[in-house]
Amino acid sequence: EAQVTQNPRYLITVTGKKLTVTCSQNMNHEYMSWYRQDPGLGLRQIYYSMNVEVTDKGDVPEGYKVSRKEKRNFPLILESPSPNQTSLYFCASSLAAQETQYFGPGTRLLVL
Amino acid sequence: QQQVKQSPQSLIVQKGGISIINCAYENTAFDYFPWYQQFPGKGPALLIAIRPDVSEKKEGRFTISFNKSAKQFSLHIMDSQPGDSATYFCAAYLDSNYQLIWGAGTKLIIKP
């Protein structure tokens, strides 16, 4: 089944404790992206990757890191999480930037 | 310039009625306008999309109307059904930086 998977689905952590949210797609997509979704703000892009060689910042990259060492995986790293990073996070992938984006199921993060 | 403004924030429609969600943008460089549908606990999924050289696109009960001169586009859901109850996002794609800019979302409730 073609899909985007994210892990974990739910995470409660404390301020300053490094964490990684994994994202993997099995559709051979070039473009991958991370979003955060907050009530009343819609989806805001954190980082995106055009392919394994190109990664760039979105609208809200502060406090986040990503890596794209292989085509299928695009982990999101929070080196020192803070309470304002409490949010619902989505990973998405597409054949190319302007093509249909396929979303993972989301990761709900609570930073205490 | 980068924003997409979506209205209303929430909408209640009787079964069988027409649901209308509106979006407006400023940046004339946007060149692709998708609508995504999100059910609770799920990631967004593409519903329908339009390019600015087309004034209307229809897929089943869903229609996008696009007014390039007014820089506005809207989603019409005909014969709205309870199964259409979801959050709807408009978005606009900016080719120059490969980003999809999202509206804040509209929570649609269809009353039986």
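So you know, we letter chains A, B, ... as the sequences are listed, proteins then strands, and number each from 1.
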What one should report as the nearest heavy-atom pair of K42(B) and F90(A) is O-CZ, 3.7 Å
Let me check something: do I48(B) and Y102(A) share a hydrophobic cluster, defined by ILVMFWY side-chain heavy atoms less than 4.5 Å apart, either directly or through other members? no
Exceeds 12 heavy-atom contacts within 6.0 angstrom, atom CD of E59(B): yes
Bottom line for Q45(A): the part with an atom under 4.5 Å from chain B's heavy atoms is side chain
Can you tell which of Q6(B), R51(B), Q9(B) has the highest number of heavy-atom pairs within less than 4.5 Å of chain A? R51(B)
Name the region of L41(A), side chain, backbone, both or neither, that has any atom closer than 4.5 Å to a heavy atom of chain B. backbone
Worked verdict on D59(A) versus I101(B) for side chain to side chain contact (heavy atoms under 4.5 Å, CB included): CA-CA 9 Å; D59(A) 293 321; I101(B) 310 298; 4.0 Å; yes
Taking all heavy atoms of G43(B) and all of F103(A), pick out the closest pair and write down the distance. CA-CB, 4.1 Å
Please look at Y35(A) and chain B and tell me whether the side chain, the backbone, both or neither of the residue comes under 4.5 angstrom of a heavy atom of that chain. side chain
Measure distances from R44(A) to the heavy atoms of chain B and classify the residue's part below 4.5 Å as side chain, backbone, both or neither. neither
ILVMFWY network linking V21(A) to V4(A), side-chain heavy atoms under 4.5 angstrom: no
Are V54(A) and L100(B) linked, directly or through intermediate hydrophobic residues, by side-chain heavy-atom contacts shorter than 4.5 Å (ILVMFWY only)? yes
Above 12 or not: heavy atoms from other molecules or residues under 6.0 Å from NZ of K57(A)? no
Atom CD of residue position E70(A) - does it have more than 12 heavy atoms of other residues, nucleotides or ligands inside 6.0 Å? yes
Are V66(A) and V52(A) connected into the same hydrophobic cluster when the rule is that any two of I, L, V, M, F, W, Y join if their side-chain heavy atoms are below 4.5 Å apart? no
Contact summary for G42(A) and F89(B), nearest pair of heavy atoms: CA-CE2, 3.7 Å
With a cut-off of 6.0 Å (strictly less than), are more than 12 heavy atoms of other residues, nucleotides or ligands near CE of M78(B)? no
Go through the atoms of Q101(A) and report whether side chain, backbone, both or neither lie under 4.5 Å from a heavy atom of chain B. both
Taking all heavy atoms of G40(A) and all of A104(B), pick out the closest pair and write down the distance. O-CB, 3.5 Å
Indicate, with yes or no, if Y47(A) and L88(A) share a hydrophobic cluster defined by side-chain heavy-atom contacts under 4.5 Å among Ile, Leu, Val, Met, Phe, Trp and Tyr. no
Just to be sure I understand the criterion: a residue of residues 31-40 of chain B counts if one of its heavy atoms is under 4.5 Å from a heavy atom of chain A. Which ones qualify? D31(B), Y32(B), Y36(B), Q38(B)
Is atom OH of Y31(A) surrounded by more than 12 heavy atoms (other residues, nucleotides or ligands) closer than 6.0 Å? yes
Ring pair (Phe, Tyr, Trp, His ring centres under 6.0 Å) partners for Y89(A), two or more places apart: Y64(A)
